[in-house]
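Quick notes on the structure that follows.
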Amino acid sequence: MPITPRPSSPRTAREWIECGHHFAASTRIEDLSRALLCYDRARTVCDPSESNPAPLRDLGLAWMNRGNILQQPGPHYDCVAALNAYDQALVVFFAIPDATPDLINTIATVYLNRGRAHQRLLSIAEASKDYRKARETLRPLVASGDFAAIRNFAGATVNFGQIQLDSAAPDAELTDTFLSTRAALTPFTDSDAVAATLALELSRLELVLRERTLTRDSLGDFTDTLEVALALAASWAPRSHPTALDAATQLFRLGATAYAECQPQFLLEFLREALDPASGTAPFASFPTFHTVAADALDSLRLELNRTRVFDAEIETSHRLAAIIQDLNQPTAWLKPRLISS
């Protein structure tokens, strides 16, 4: 969150909210407590009896931001109180007569943040309901191309998708949900880091879902998604954006695992394209975590193939595995030596 200038002598609800935003942008526990006091002060000076919607909006924002602070680590942490704050914010926002795009986005944000509070309290069913409500609230704005709505929609989809993947029976249309949400984000992923990171997270969730039923026949769909996602990650690599790189590392690990399981003869090629400058652009060659993933994948595959070869009685299979092992044992000078697993 960018640092908001602190009003010198806040008096109105709006000024107290801005003061709260100033402190909320800090990482210091004492400043988060000050932010909470500012939002509480904003609630006390609001006059929601006025006919215009501005006081109501400020009152709702004060409640919503109170809930956000109560989810932050520190002595003020209280997710139950945060849920109450979000409930109060929704009551206030729904009392505003004109549902502008900004108000709709704000209401969806409350649902999204309330879902996170439920999730922290392990109320998974309630969290899932709130993520669904956020998505349904935003659908009309997403269809119109509203960027703020698309980002919120994608955030709710990521959280909802993770819950679904952790459940015993994920939604049958979950893959389509990931695909359609990622498509809505695509026009913004080259210029906005949050949109890029959300798109990478959606790709990761889709790949995790596909991996559960992965076979040699279905590997093509898996690698198509992986290729698009890594291309996006590669475009952000020069900018070294930490969250985008973290998502890209997880995607790279999923790809290495899939190749090792389904087409081990192509694992080395997959790794070299990403890390070996002699084989192409190697967009991730300068990032140590990618080398660690690659070294671990190679070591694990060598071990597994040697074990399989020893215990497999078929000569043809043994010869095929020997050829792959020989390929894997070729020099890997392109891997950073200090990161190669022992």
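We're numbering straight along the sequence, starting at 1. What's counted below: heavy atoms across the whole structure, side chains too, no hydrogens, waters or symmetry copies.
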Salt bridge flag under 4.0 Å for residues D58 and R43: no
Do R212 side-chain atoms and L165 backbone N/O form a donor-acceptor pair below 3.5 Å? yes
Do you see a donor-acceptor pair shorter than 3.5 Å between the side chains of T225 and S203? no
Any donor-acceptor pair under 3.5 Å from T189 side chain to T186 backbone: yes
same_hphob_cluster(L179, I150) at 4.5 Å side-chain heavy-atom cutoff: no
Run the numbers on N152 and T109 for side-chain hydrogen bond (donor to acceptor under 3.5 Å, both in side chains), then give the verdict. CA-CA 7 Å; N152 268 343; T109 300; 2.9 Å; yes
Residue pair T215, C262: steps toward the side chain to side chain contact (heavy atoms under 4.5 Å, CB included) verdict: CA-CA 6 Å; T215 65; C262 295; 5.8 Å; no
Given the rule in the side chain to side chain contact (heavy atoms under 4.5 Å, CB included) test, do L275 and F284 qualify, once you have shown the distances and angles that lead to the verdict? CA-CA 6 Å; L275 300 174; F284 308 110; 4.1 Å; yes
Contact summary for L83 and A117, nearest pair of heavy atoms: CD2-CB, 3.6 Å
Donor-acceptor contact below 3.5 Å, side chain T243 vs main chain T197: no
Below 6.0 angstrom between ring centroids: does that apply to F287 and F252? no
Hydrogens and angles aside, do H291 and T289 bring a side-chain donor and acceptor to less than 3.5 Å of each other? no
Lys/Arg N to Asp/Glu carboxylate O, D102 vs R57, below 4.0 Å: yes
Is there a path of hydrophobic side-chain contacts, each under 4.5 Å between heavy atoms of I/L/V/M/F/W/Y residues, joining Y77 to M64? no
Distance alone, cut at 3.5 Å: any donor-acceptor contact between the side chains of S235 and D190? no
Start with the C-alpha gap between W63 and V91, add the side-chain angles, then the distance that decides, and say whether side chain to side chain contact (heavy atoms under 4.5 Å, CB included) holds. CA-CA 10 Å; W63 276 114; V91 169; over 6 Å; no
Can you confirm whether E227 is buried at CD, in the sense that more than 12 heavy atoms of other residues, nucleotides or ligands lie under 6.0 Å from that atom? no
One thing to verify: whether R210 and E206 come together as a salt bridge, which I'm taking to mean a side-chain N less than 4.0 angstrom from a carboxylate O. yes
Strictly under 6.0 Å, is that where the ring centroids of Y131 and F160 end up? no
N-O pairing of K129 and E126 below 4.0 Å: yes
For R114 and D87: C-alpha separation, side-chain torsions, deciding distance, then whether salt bridge (Lys or Arg N to Asp or Glu O under 4.0 Å) applies. CA-CA 8 Å; R114 192 174 71 174; D87 290 344; 2.7 Å; yes
Got more than 12 heavy atoms from elsewhere within 6.0 Å of CZ, R11? no
Output yes when a side-chain donor or acceptor of Y259 lies under 3.5 Å from a complementary backbone atom of E269, and no otherwise. no
Please report the shortest heavy-atom distance between A199 and L232, naming the atom on each side. CB-CD2, 3.8 Å
Taking the side chain from T181 and the backbone from F178, do they hold a donor-acceptor pair closer than 3.5 Å? no
Is there a path of hydrophobic side-chain contacts, each under 4.5 Å between heavy atoms, that joins L214 and F266? yes
In a check of side chain to side chain donor-acceptor pair (under 3.5 Å) between Y86 and each of H118, R116, Q71, R66, which one passes? Q71
Thinking salt bridges, do R204 and E201 make one under a 4.0 Å N-O criterion? yes
Within one Ile-Leu-Val-Met-Phe-Trp-Tyr cluster: Y111 and L121, side-chain cutoff 4.5 Å: no
Does the side chain to side chain contact (heavy atoms under 4.5 Å, CB included) test come out yes or no for V208 and L254, once each step is laid out? CA-CA 8 Å; V208 169; L254 280 168; 3.9 Å; yes
Before we go on, tell me: are the rings of F188 and F147 under 6.0 Å apart, centre to centre? yes
Taking atom types as modelled and ignoring hydrogens, do the side chains of Q250 and D246 form a donor-acceptor contact shorter than 3.5 angstrom? yes
Nearest-0.5 Å distance that lies between atom CG in D221 and atom CG in L226: 12.5 Å
Same cluster for V228 and W236 if Ile/Leu/Val/Met/Phe/Trp/Tyr side chains link at under 4.5 Å? no
Which one of L70, D31, N65 satisfies the side-chain contact (heavy atoms from CB on, under 4.5 Å) criterion with L36? L70
